[in-house]
Student: 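I'd like to ask you about the structure that follows.
Just so it is clear, the values below take in all heavy atoms, side chains as well, and ignore hydrogens, waters and symmetry mates.
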Amino acid sequence: AVLHYAVGESARDALPMRQLAQAIGLVRQHAAQWNILPDKIALCGFSAGGHLALSGAVLDCPGEAADRSRKPDAVLLAYPVITAGEYAHRGSFVQLSGSEDRAEHQRFGLEEKITPDTPPVFVWHTMEDATVPVENTLLLLNALHKAGVPCEAHLFEKGCHGTSISTPEVDADSAHRNRWVKLAVEWLDDTFSFHA
């Protein structure tokens, strides 16, 4: 399933979070009809979409009761926006908060919101990313490790921000870096015990 969620000015008041929670609930509700395993739902997000995916795993929708059925069972992140601190992608936090106030941005930083209840995480990043610095992933990994959350990470030396699946179709061809897709599938197999 692909979620088309609100961005920019239309994304105020945590609308993307509510849209994501509703989408996960809808997928679980129709799991039998759509041939989906309702206890094996993984989110995949890239860059700011990675922030939304992890937010959906670790935060409750503002103004709504906590509902575990609307959270994922695993999360896959590509060069995610994580921190509102020193290594922040500042534009993301301005959009999320609607403010230039860095104190406001801290509400949306995720590395301090990781708990032992966070679902397993697969993450990859490139060392050359000048848009969302690799420190975002490093801070996330530290928080996941401290909380005892199962995680796997891959850091690639080469590649700018937004290389997606690293194929010619996305103008970022790299036979080395595009292995992340196979690694992620293998990780999901292990995480969800498909080949136990």
Student: Evaluate the criterion side-chain contact (heavy atoms from CB on, under 4.5 Å) for residue pair Thr163 and Val170; output intermediate values, then yes/no.
Tutor: CA-CA 7 Å; Thr163 61; Val170 295; over 6 Å; no
Student: Does the side chain of Leu155 come within less than 4.5 Å of Thr137's, by heavy atoms?
Tutor: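 Yes. Closest side-chain heavy atoms under 4.5 Å.
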Student: side-chain contact (heavy atoms from CB on, under 4.5 Å), that's the test. Do Thr83 and Glu135 meet it? Break it down for me.
Tutor: CA-CA 9 Å; Thr83 186; Glu135 283 83 0; over 6 Å; no
Student: Taking it one step at a time, do Lys71 and Asp117 satisfy salt bridge (charged side-chain N to carboxylate O under 4.0 Å, His left out)?
Tutor: CA-CA 11 Å; Lys71 293 196 175 293; Asp117 293 330; over 6 Å; no
Student: Looking at every heavy atom in both Ala74 and Pro119, which two are closest together, and how far apart are they?
Tutor: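 So the two residues come closest at N-CB, 3.9 Å.
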Student: Step through the shown structure and confirm whether more than 12 heavy atoms of other residues, nucleotides or ligands are within 6.0 Å of CD on Gln33.
Tutor: yes
Student: What closest approach, in Å, do Ile41 and Pro38 show between heavy atoms, and which atom pair accounts for it?
Tutor: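 Taking every non-hydrogen atom into account, CD1-O, 3.8 Å.
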Student: Measuring from Ser193:OG to Lys40:NZ, what's the distance to the nearest 0.5 Å?
Tutor: 6.5 Å
Student: In Å, rounded to the nearest 0.5 Å, how long is the span from CG of Leu110 to CG of Leu54?
Tutor: 5.0 Å
Student: Take atom CZ in Arg102; do more than 12 heavy atoms of anything else shown fall under 6.0 Å from it?
Tutor: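 Atom CZ in Arg102 is not packed in, count stays at 12 or less.
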Student: With side-chain contact (heavy atoms from CB on, under 4.5 Å) as the criterion, how do His89 and Thr131 come out once you've worked through the C-alpha distance, each side chain's angles and the decisive distance to 0.1 Å?
Tutor: CA-CA 7 Å; His89 179 259; Thr131 304; 3.7 Å; yes
Student: Which heavy atom of Ala147 sits nearest a heavy atom of Thr115, and at what distance?
Tutor: CB-C, 3.8 Å
Student: Classify the side-chain pair His161/Ser47 by whether it contains a donor and acceptor separated by less than 3.5 Å.
Tutor: yes
Student: Measure the shortest side-chain to side-chain distance between Leu140 and Leu77 over non-hydrogen atoms and say whether it is less than 4.5 angstrom.
Tutor: yes
Student: Of all heavy-atom pairs between Gly56 and Pro72, which one has the smallest distance, and what is that distance?
Tutor: O-CD, 3.6 Å
Student: Atom CD in Gln29, atom CD1 in Ile24: separation rounded to 0.5 Å?
Tutor: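 Output value for this atom pair is 13.5 Å.
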Student: Got a second to check how far Phe122's CZ is from Glu186's CD, nearest 0.5 Å?
Tutor: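 The CZ atom of Phe122 sits 9.0 Å away from the CD atom of Glu186.
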Student: Taking 4.0 angstrom as the limit, do Asp39 and Arg28 come out as a salt bridge?
Tutor: no
Student: Compare every heavy atom of Ala175 with every heavy atom of Asn178, then report the nearest pair and how far apart it is.
Tutor: OD1-O, 3.1 Å
Student: With a 4.5 Å cut-off on side-chain heavy atoms, are Val181 and Ile165 touching?
Tutor: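 Yes; the side chains approach each other to less than 4.5 Å.
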Student: Treat each ILVMFWY residue as a node, draw an edge where side-chain heavy atoms are under 4.5 Å apart, and state whether Leu139 and Val134 are in one component.
Tutor: no
Student: Do Pro120 and Thr191 have side chains that get closer than 4.5 Å, going by heavy atoms?
Tutor: yes
Student: Does one hydrophobic cluster hold both Phe192 and Leu183, with members joined at side-chain heavy-atom distances below 4.5 Å?
Tutor: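 Same cluster: Phe192 reaches Leu183 through Ile, Leu, Val, Met, Phe, Trp or Tyr contacts under 4.5 Å.
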Student: Are Phe93 and His51 an aromatic pair, judged by ring center distance below 6.0 Å?
Tutor: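 His51 vs Phe93: aromatic centres under 6.0 Å.
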Student: Any salt bridge between Arg70 and Asp60, counting N to O under 4.0 Å?
Tutor: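 Salt bridge flag = no for Asp60 with Arg70.
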Student: Is it true that a side-chain atom of Gln106 and a backbone atom of Ala84 form a donor plus acceptor pair closer than 3.5 Å?
Tutor: yes
Student: Quick check for you: to the nearest 0.5 Å, what is the distance between Asp129 atom CG and Asn136 atom CG?
Tutor: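 If we round to the nearest 0.5 Å, Asp129:CG and Asn136:CG are 8.5 Å apart.
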Student: Quick one: do the His154 and Arg177 side chains pair a donor with an acceptor below 3.5 Å?
Tutor: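 There is no such pair (donor and acceptor under 3.5 Å, judged by atom type) between the side chains of His154 and Arg177.
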Student: Is the NE2 atom of His30 crowded by more than 12 outside heavy atoms at less than 6.0 Å?
Tutor: yes
Student: Quick check on the hydrophobic clustering: are Val7 and Leu15 connected, directly or via other members, by side-chain heavy-atom contacts under 4.5 Å?
Tutor: no
Student: Could you grab the distance from atom NE2 of His105 to atom CD of Gln95, nearest 0.5 Å is fine?
Tutor: 10.0 Å
Student: Taking the side chain as every heavy atom from C-beta outward, state whether Trp180 and Val185 have any pair of such atoms under 4.5 Å apart.
Tutor: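 Not touching, per the 4.5 Å side-chain cut-off.
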Student: Kindly work out whether a path of hydrophobic side-chain contacts (I/L/V/M/F/W/Y, heavy atoms less than 4.5 Å apart) joins Leu188 to Leu43.
Tutor: no
Student: Going only through I, L, V, M, F, W and Y residues with side-chain contacts under 4.5 Å, is there a path from Tyr79 to Met127?
Tutor: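 Each belongs to a different hydrophobic cluster.
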Student: Is there side-chain contact between Val27 and Trp34, with heavy atoms separated by less than 4.5 Å?
Tutor: yes
Student: Please assess Lys113 against Leu59 for the test side-chain contact (heavy atoms from CB on, under 4.5 Å), listing each intermediate value before the final yes or no.
Tutor: CA-CA 8 Å; Lys113 296 173 178 77; Leu59 303 176; 3.3 Å; yes
Student: Please name the pair of heavy atoms, one in Ala48 and one in Tyr5, separated by the smallest distance, quoted to 0.1 Å.
Tutor: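 What the structure gives for the nearest pair is C-OH, 4.4 Å.
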Student: Indicate, with yes or no, if the rings of His125 and Phe156 have centres closer together than 6.0 Å.
Tutor: no
Student: Between Val123, Val132, Val75, Val121, which is the residue that forms a side-chain contact (heavy atoms from CB on, under 4.5 Å) with Pro80?
Tutor: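 Filter result, single survivor: Val123.
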Student: Find out whether Val149 and Ile114 are in side-chain contact, i.e. whether some heavy atom of one side chain is under 4.5 Å from a heavy atom of the other.
Tutor: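 Yes; the side chains approach each other to less than 4.5 Å.
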Student: Without swapping roles, check the side chain of Glu128 against the backbone of Gly159 for a donor-acceptor pair under 3.5 Å.
Tutor: yes
Student: Within the supplied structure, the quantity of interest is the number of heavy atoms (other residues, nucleotides, ligands) at a distance under 6.0 Å from Asp13 CG; does it exceed 12?
Tutor: no
Student: Side-chain contact test, heavy atoms from C-beta onward, threshold under 4.5 Å: evaluate it for Cys151 versus Leu141 and give yes or no.
Tutor: yes
Student: Please check if any side-chain donor atom of Thr167 sits under 3.5 Å from a side-chain acceptor atom of Glu169, or the reverse.
Tutor: yes
